[in-house]
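Accompanying notes for the structure given below.
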Amino acid sequence: MRPMSVVVTKVCDIFAWFMVVFGALIINNGHNTPGGGFQGGAVVATFLSFLLAAYGSRRVFAWVRENIFGFMACFGPLSFFVFGCLGFPHSFFFNSIAVPEGGQPISDWLPYAGTISLMDLSVGCGVVGALSMIILLMYKSIHMVETGEGMGGERGHDRFER
Amino acid sequence: MRKTVFMAAIIVLAGLFCGLFEEIHPFGIPASTAMDDYFIVHAPEDRSSHNVVTSMVFDYRGFDTIGEASVLFTALSSIAALFRNKDARGEGDGGRRG
């Protein structure tokens with residue numbers, strides 16, 4: 001896809017970053033306000049599709065690396081599981097690192113919501129990685145179908161040309 | 001014959017659904033609120049989260065959420081298997097035949 005007009009790219013320059021900040025805010029405040037990892041992750045992943053629409057595939061693929069999104073997609077669910085396992089002395093998925101009475105932080109560097117906010121961040125990380133990776137892969141496949149590059153000689157459903 | 005059986009099955013299913021709808025209690029008036037009240041009252045204190053919905057999703061029903069995360073990961077794996085560059089993963093024959 002070719003880049004869009006100057007108006008669109010300028011609007012993208014100004015507003016796209018607000019989407020990232022807004023998504024990060026939703027993820028970070030999931031334990032206090034509506035939203036959480038899934039919703040915030042979807043908002044952040046929209047940023048990539050906005051970039052693709054505004055700047056075109058060539059520039060965006062030069063900026064981003066698929067491996068980072070793949071790592072995030074793997075790291076998110078794994079860390080979520082690990083934070084869930086922290087509650088094993090009580091039960092699985094128990095907020096074990098927060099003070100039971102609530103409100104008072106157990107440590108200065110831990111969030112007062114305990115594992116819930118850490119799980120929020122984990123899920124947000126996983127959703128951002130997975131959705132961004134899906135967008136990139138499906139976008140690349142359009143280019144593959146149009147040009148036939150990277151399809152191993154395959155065309156359409158018919159693997160062997162007759 | 002098959003059409004008659006099909007129509008009879010549809011009528012029986014419609015009758016069952018109508019009977020079920022008659023039995024459903026009115027919307028907004030749950031039959032028992034003991035569990036709802038417990039979660040609303042105790043969730044912020046028990047789980048240290050002001051948002052009761054988040055404490056539900058990430059704590060009381062954490063298994064459900066890890067399932068959702070797994071579904072997303074599975075979808076990503078399927079799309080990667082389907083759409084990834086075939087030459088890069090070594091399956092392509094570069095257009096050669098024979």
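Proteins get letters first, then strands, A, B, ... in listed order; numbering begins at 1 in each. Keep in mind that what you see is a predicted model, and the values were worked out from it rather than measured.
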Minimum heavy-atom separation for [X] to [Y], with atom names?
X	Y	value
B:Leu76	A:Ala73	CD2-CB, 3.5 Å
A:Leu137	B:Phe83	O-CB, 4.0 Å
A:Gly35	B:Asn51	O-ND2, 4.4 Å
A:Gly126	B:Leu72	O-CD2, 4.4 Å

ask   = Applying a criterion of heavy atom separation less than 4.5 Å, what residues of residues 37-51 of chain A form contacts with chain B?
value = A:Gly37, A:Phe38
note = Between the CG atom in A:Asn29 and the NE2 atom in B:His50, the distance rounded to the nearest 0.5 Å is 11.5 Å
message = What's the separation between atom CE in A:Met119 and atom OG1 in B:Thr54, rounded to the nearest 0.5 Å?
response = 12.0 Å
request  = Check side chain to side chain donor-acceptor pair (under 3.5 Å) between A:Asn67 and all other residues, then give those that pass, not counting sequence neighbours.
outcome  = none
inquiry  = Out of A:Gly84, A:Pro77, A:Ala130, return the one with the most heavy atom pairs under 4.5 angstrom to chain B.
reply    = A:Ala130
note = Most heavy-atom pairs under 4.5 Å with chain B, out of A:Val127, A:Ile134, A:Leu136, A:Val123, belong to A:Ile134
Can you get from [X] to [Y] by hopping between Ile, Leu, Val, Met, Phe, Trp and Tyr side chains that sit under 4.5 Å apart?
X	Y	value
A:Val21	A:Met72	no
A:Phe69	A:Phe71	no
A:Val64	A:Met133	yes
A:Phe18	A:Val11	yes
A:Val128	A:Trp17	yes

ask   = Do any of residues 61-69 of chain B come closer than 4.5 Å to chain A, heavy atom to heavy atom, and if so which ones, in number order?
value = B:Gly62, B:Phe63, B:Thr65, B:Ile66, B:Glu68, B:Ala69
message = With a strict 4.5 Å heavy-atom criterion, list every residue of residues 2-14 of chain B that contacts chain A, or say none.
response = none
inquiry  = Could you check whether atom OH of B:Tyr60 has more than 12 heavy atoms from other residues, nucleotides or ligands sitting under 6.0 Å from it?
reply    = yes
task = Identify which part of A:Asp120 has an atom lying under 4.5 Å from any heavy atom of chain B, answering side chain, backbone, both or neither.
result = both
request  = Counting only heavy atoms closer than 4.5 Å, note whether A:Ser117 contacts chain B via side chain, backbone, both or neither.
outcome  = neither
message = Counting only non-hydrogen atoms closer than 4.5 Å, does B:Ser55 touch chain A with its backbone (N, CA, C, O), its side chain (CB onward), both, or neither?
response = both
